[in-house]
There are 2 protein chains.
Amino acid sequence: MLSTQDVADRLKAHGILPTQQRLLIARTLFSRDQHLSADQVMHCVNDDKDHVSKATVYNTLGLFASKGLVREVIVDPTRVFYDPNTSNHHHFYNVDTGELRDIEASELAIESLPELPEGTVSEGVDVIIRLRNATETH
Amino acid sequence: MLSTQDVADRLKAHGILPTQQRLLIARTLFSRDQHLSADQVMHCVNDDKDHVSKATVYNTLGLFASKGLVREVIVDPTRVFYDPNTSNHHHFYNVDTGELRDIEASELAIESLPELPEGTVSEGVDVIIRLRNATETH
DNA sequence: GTCAGTGCAAACCCTTTGCAGAAAG
DNA sequence: CTTTCTGCAAAGGGTTTGCACTGAC
C-alpha cells in the first residue's frame with residue numbers, strides 16, 4: 001500500500017486538505033487500483049477497524065472527482081435510459097443539461113479494437129461524448 | 001403520432017403481445033424520438049388521461065429492451081464508479097460479472113469525431129465495450 | 001477561536017417484488 | 001377457460017440532507 005505521506009502529498013497537489021478520513025479513502029482507492037462504486041468504497045474502508053461514515057464517503061468521493069483526483073465512470077446498468085433507435089449508433093451527453101443526442105454510426109469510426117479478455121465476447125460498443133455548454137463558467 | 005396499428009405491428013414483429021398499456025408506452029417512446037428514463041416514461045404516459053402503473057411501466061420497458069424493440073443506454077450521472085486512473089483511457093464492462101477493466105488509450109483509436117452541437121465543448125470521450133462471458137447460456 | 005470536515009439518522013428517490021384481480025386469446 | 005398481463009402497496013437499495021459535534025489550523 002502507498003505510504004500515508006505519498007497519498008497526503010497527492011491530495012495537497014490537488015488542493016485537498018488531507019484529513020484522516022480522506023487519506024483512508026484515497027489509500028483504499030489507489031492501492032486497489034480498481035473501479036469502485038461509492039458503496040463499495042464504504043464497505044472496503046469499513047472492513048478494517050477504521051470507520052468512516054456514509055455521508056463522508058459520498059462527500060469525499062464527490063470532492064475527489066471535482067478536483068480531478070479520480071475520474072467518474074458511468075456504467076451502472078441499474079439506471080438506464082431507453083432509446084427507441086436500436087441501430088448501431090453513439091451518443092452525445094450534455095452534462096449541464098442532461099440532454100442525450102444520437103450520433104450516427106457513420107459519423108464516428110473506431111479504428112482498432114483491443115483484444116477482448118479471455119472467455120468473453122463483445123456485446124456492443126458504446127461511445128459517449130461528454131459535452132459541456134461553452135458559455136457556462138465552471 | 002404513429003397510428004396504433006403501426007405500433008401494434010411493430011410489437012408483434014418483436015414477439016410482443018400488444019396490450020393497451022404496452023401500446024401506450026411504445027407510442028410514447030416512438031413518437032417523442034427521445035431517450036427517456038423509466039421514470040420519465042411513467043410521467044409522460046400519465047400526463048394524459050390514461051394511466052399505467054409504475055410496475056407495468058418498468059416491466060414493459062424491460063420487456064421491450066430484452067426483445068430488441070428499444071435499446072438501453074447507460075448514462076445516468078447519479079450512479080457512478082470511481083476510477084483512480086485519471087489518464088485518458090477506456091473500459092471493458094462485463095455485464096455478467098459487473099467487472100470493469102481499463103483499456104489503454106493507445107489500444108483503441110477513434111478515427112473521426114463528429115461535429116459537436118453548437119455552443120458546446122467536449123469534456124471527454126468514454127468508450128465502453130460491453131462484454132459477456134462466452135460460456136454463459138443466455 | 002474559527003471554519004471546514006465529519007457522523008448520525010432520517011428523508012428521499014427510483015426500482016423491484018408479491019400477490020390478487022383483470023384482460024387477452 | 002387458461003395464461004399472461006396489470007395494479008397496488010410495500011419493501012429494498014443506494015444516495016442525499018440537516019444539524020450538531022469534532023478536528024485542523
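Owing to the predicted nature of the structure, the values given are computational and were not obtained by experimental measurement. The sequence lines fix the lettering, A, B, ..., with proteins before strands; numbering per chain opens at 1.
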Which value, rounded to the nearest 0.5 Å, describes the distance between A:Asp6 atom CG and A:Arg27 atom CZ?
9.5 Å

Write down the distance between CD1 (A:Ile16) and C1' (D:dC25), rounded to a whole number of angstrom.
18 Å

Rounded interatomic separation in angstrom, taking CZ from B:Phe81 and C1' from D:dT15
14 Å

How sharply is the helix from C:dG1-D:dC25 to C:dG25-D:dC1 bent, taking the axes over five pairs at either end and rounding to 10 degrees?
30°

Looking at residues 5-13 of chain A, who's got a heavy atom less than 4.0 Å off DNA chain D?
none

Which donor-acceptor pairs under 3.5 Å do side chains of residues 16-25 of chain B form with protein atoms, sequence neighbours excluded?
{"residue": "B:Thr19", "atom": "OG1", "partner": "B:Arg22", "partner atom": "N", "Å": "3.4"}
{"residue": "B:Arg22", "atom": "NH1", "partner": "B:Leu17", "partner atom": "O", "Å": "3.0"}

Here the ring-ring contact (aromatic ring centres under 6.0 Å, His included) pairs for residues 3-39 of chain A, sequence neighbours left out, are A:His35-B:His91

List the atom pairs, donor and acceptor, that lie under 3.5 Å between side-chain atoms in residues 108-119 of chain A and the rest of the protein, sequence neighbours left out.
none

Going by side chain to side chain donor-acceptor pair (under 3.5 Å), name the residues that satisfy it together with A:Ser53, two or more places apart in sequence or in a different chain.
A:Thr56

State which residues pass side-chain contact (heavy atoms from CB on, under 4.5 Å) with B:Ser106; sequence neighbours excluded, sorted by chain then number.
B:Glu104

Got a sec, which residues hit side-chain contact (heavy atoms from CB on, under 4.5 Å) with B:Tyr58, two or more places apart in sequence or on another chain?
B:Ala38, B:Asp39, B:Lys54

Per-nucleotide protein contact along nucleotides 4-16 of chain C, 5' to 3', at a 4.0 Å heavy-atom cut-off (B base, S sugar-phosphate only, - neither), is -SSBB-----SBB

Who passes side-chain contact (heavy atoms from CB on, under 4.5 Å) against A:Pro77, sequence neighbours left out?
B:Ile74, B:Tyr93

List the residues meeting side chain to side chain donor-acceptor pair (under 3.5 Å) with A:Ser66, not counting sequence neighbours, and say none if there are none.
none

What pairs with B:Asn85 under side-chain contact (heavy atoms from CB on, under 4.5 Å), at least two apart in sequence or on another chain?
B:Asp83, B:Ser87, B:His89, B:Asp102

